[in-house]
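All remarks here apply to the structure that follows.
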Amino acid sequence: MKIISVNDIAEYDGEEVSIQGWVYKRTGKGKLAFLLVRDGSGFVQCVAFNGDLSEELFETISHIPQESSVVITGTVRADKRAPGLPGGYEIGISAFSVIQAANEDYPMALKEHGADFALDNRHFWIRMPSQWAILRIRATVISAIREWLDTNGYILMDTPILTPAAAEGTTTLFETEYFDEGKAYLAQTGQLYNEANIFAFGKVYCFGPTFRAEKSKTRRHLTEFWMVEPEVAFCDLDQLMEIEEQFVTHIVKRVLKERRVELESLGRDLSALEQVDVPFPRISYDKAVEMIKEIQAETEDPEEKALLDIEWGMDFGARHETVLTKKFDKPLFVYGYPTQVKAFYMEPMPGRPEACKSVDLLAPEGYGEITGGSERMSDPDLLLQRIHEHGLPEESFKWYLQLRQFGSVPHSGFGMGVERTVAWLCGTDHIRETIPFPRTIKRVYP
RNA sequence: UCCUCGUUAGCUCAAUUGGCAGAGCGAGCGGCUGUUAACCGCUAGGUUCCAGGUUCGAGUCCUGGACGAGGAGCCA
């Protein structure tokens, strides 16, 4: 018998097929038994009728424990009552074999769970439809990222994960012993290496795990997360924004095309995502500060009003980003942040050294910063001065400074956090659901 | 690091002024020919986070601790 994938079930209406998978849920109604079976590609209802099967087989089916692994053969039929993902089709069981009958004390009941319990059981939680949907969307986001970059002339350059020193002095690093060479640190960005790579390859990207030992305990932070970082020679800040908006639009359109079943199962408002298209609105940091001040003036709630306090020169908090993005229905570029709140390597605005050629892309609906980028500094003397100002070890950056002395050109790049992007696309309220096994300040298990 | 909140059955949560430890879900058994978080009946299931203290009596009050969550800062 032909073994099919559940997500292709519509192609087999009326045919007898087999599926191999796991019993997700079982309900019964006297002489009928309903099994919701998942096979990795989807969820499908299988129906057993007492009159069509031997008494022994019907008893087996109507008592099969949740999560048992099974092979089921039967006839596919369209029935709008049938639940499932994609749903609308069910299998009338004619043959049924058990690979392993699961223990009866499966810990994940089919109901809502608290965060701590769900995360302790992450190895089981990923079997549930919501997590299954999010992680399938994640895979498509990653595929779309690679597809766009690979077809637009970007060369993949894997950058090191073990690195000699802080690339950006502001964040804390995971430290490890490195033989006789002293300390090494887990990478928090591949950008500096990509700045070397562009002088050999023009347009490059790196894509891998990134590590931040910050003691952040919020729904937007992980200690290990995935970041894609494109870097482009002969590219200024305006050109960078054009690249970013095409890139993000491509990702959104592909997820809408290929993961509609998953998005709908999550209850995501698709109309919000369907509005995403080039060009994205662009506002300066100066304008953003003005807008936040206006919003603050209209705010009644004193607590909220205090959270919105802002003066030119301050970085935005989560609250600032949220109120700002609610004024737009597409992702929003904010460019020209104060130099003092950004990393050392950003090119100053012409005639305004207090601001730099940086740009953040803020997702709509309050999901916050999903990309951060800038035009990189090209003057070697100023760069050295900045490294000193930030208290960074000059010796570690010798090679980086040399890049500016042998064919330096205007160049720009950005980093995009995969998990924050997936959280936005899925409408998930916590980033920990967007990676198979999240690492946070309080969790390295399972 | 700081602020706030929380910890009771496998899970989600109740428990009045300090007075017999409870429900729903899940599990097992039985019933029901279309279930969608099914429904109905029965059964099993407890170190109330830990250590002290007050009290005739503590899930509840006090002291200390552990663990967790969300937010701030920082960032993608």
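This is a predicted model, so every value here is computed, not measured. Letters A, B, ... are given to chains in the order of the sequence lines, protein chains preceding strands, and every chain is numbered from 1.
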I'd like to know if A/E231 and A/R376 make a salt bridge, using a cut-off of under 4.0 Å between side-chain N and carboxylate O. yes
Below 4.0 angstrom, N of the basic side chain to O of the carboxylate: do A/K293 and A/E311 qualify? yes
ask   = Would the A/Y285 and A/F316 ring centres measure less than 6.0 Å apart?
value = yes
So what does A/D315 hit on the nucleic acid, given a heavy-atom distance under 4.0 Å: a base, only sugar-phosphate, or nothing?
sugar-phosphate
RNA chain B nearest-nucleotide lookup for A/G114 and A/K442: closer to the 5′ end is A/G114
Per nearest nucleotide of RNA chain B, the residue lying toward the 5' end, A/H113 or A/E90, is A/H113
- Stacked pair A/F34-B/G34, distance under 5.5 Å, angle under 30°: no
Roughly how far apart, to the nearest Å, are B/A58 and B/A51 at atom C1'? 15 Å
Check whether any side-chain N or O of A/Q66 sits under 3.5 Å from a backbone N or O of A/Y24 as a donor-acceptor pair, and report yes or no.
yes
Between the CE atom in A/M108 and the CG atom in A/D120, the distance rounded to the nearest 0.5 Å is 9.5 Å
Whole-Å distance, A/E321 CD to B/C74 P, equals 12 Å
Check: Is A/I370 touching bases, backbone alone, or none of the nucleic acid, heavy atoms closer than 4.0 Å?
Finding: sugar-phosphate
Per atom distances to the A/K29 side chain, the nearest of B/U35, B/G70, B/A76 is B/U35
Query raised in the report: How far, in whole Å, is B/U48 from B/G10 if one measures between their P atoms?
Result: 12 Å
Take atom NZ in A/K305; do more than 12 heavy atoms of anything else shown fall under 6.0 Å from it?
-> yes
note: A/E67, atom CD; B/A27, atom C1'; distance rounded to Å ~ 14 Å
Legend entry - Sidechain N-carboxylate O distance under 4.0 Å for A/E365, A/R268: yes
From the candidates B/C29, B/G34, B/G73, the one with an atom nearest any side-chain atom of A/H63 is B/C29
- Give A/R219 one of three labels, base, sugar-phosphate or nothing, depending on what nucleic acid heavy atoms sit under 4.0 Å from its own. sugar-phosphate
request  = Pick base, sugar-phosphate or nothing for A/T210, based on heavy-atom distances below 4.0 Å to the nucleic acid.
outcome  = nothing
Atom CZ of A/F49 and atom C1' of B/U33 are separated, to the nearest Å, by 6 Å
Of the candidates B/G68, B/G28, B/G34, the side chain of A/R26 sits closest to B/G28
- request: Return yes if the base of B/C75 and the side-chain atoms of A/H221 contain a donor-acceptor N/O pair under 3.5 Å, otherwise no.
  value: yes
| request: Would you mind checking if A/K442 and A/D116 are paired as a salt bridge, meaning a charged N to carboxylate O distance below 4.0 Å? | output: no
Separation of B/C75 atom P from A/R212 atom CZ, nearest Å, is 9 Å
Whole-Å distance, A/R319 CZ to B/G70 C1', equals 14 Å
Looking only at B/G73, B/U35, B/A76, the nucleotide nearest the A/T218 side chain is B/G73
Atom CG of A/D105 and atom C1' of B/G26 are separated, to the nearest Å, by 11 Å
Problem - Proximity of A/Y12 and A/Y89 rings by center, below 6.0 Å - result: no
**Study point:** Output field: ring centroids A/F247/A/Y154 closer than 6.0 Å
**Key:** no
Taking 4.0 angstrom as the limit, do A/D79 and A/R81 come out as a salt bridge? yes
Atom NE2 of A/H390 and atom P of B/C74 are separated, to the nearest Å, by 13 Å
Per-residue pairing states of RNA chain B in dot-bracket (Watson-Crick or G-U under 3.5 Å; . unpaired, | other strand) read (((((((..((((.....[..)))).(((((.......))))).....(((((..]....))))))))))))....
* If the C1' atom of B/G6 is compared with that of B/G57, how far apart are they to the nearest Å? -> 27 Å
### Base of B/A72 paired with side chain of A/K217 (donor-acceptor, under 3.5 Å)
no
Check your understanding: C1' atom, B/G28 versus B/U47: distance in rounded Å?
Key -> 26 Å
Task: Interatomic distance at P, B/U4 relative to B/C13, whole Å - done: 22 Å
For B/U7 and B/C29, measure between their C1' atoms and round to the nearest Å.
34 Å
Inset, instruction - Determine the contact category for A/A318: base if any of its heavy atoms lies under 4.0 Å from a base atom, sugar-phosphate if only primed atoms, P, OP1 or OP2 are that close, otherwise nothing. - result: sugar-phosphate
Considering only the P atoms, how many Å lie between B/U60 and B/G52, rounded to the nearest integer?
14 Å
Gap in Å between the two C1' atoms, one belonging to B/C25 and one to B/G68, rounded: 23 Å
From CZ of A/F117 across to C1' of B/A9 the rounded distance in Å is 13 Å
Checklist entry - Is there a donor and acceptor pair closer than 3.5 Å between the side chain of A/E104 and the base of B/G26? => result no
Could you tell me whether the side chain of A/S216 has a donor or acceptor atom within less than 3.5 Å of a complementary atom in the base of B/C74? yes
Could you check whether A/L222 gets within reach of a base, just the sugar-phosphate, or nothing at all, counting any heavy atom under 4.0 Å?
base
Ordered by number, residues from residues 416-435 of chain A within less than 4.0 Å of RNA chain B (heavy atoms) are A/R420, A/H430, A/I431, A/R432
Tested for side-chain hydrogen bond (donor to acceptor under 3.5 Å, both in side chains) against A/Y205, the lone hit among A/N194, A/N197, A/D150 is A/D150
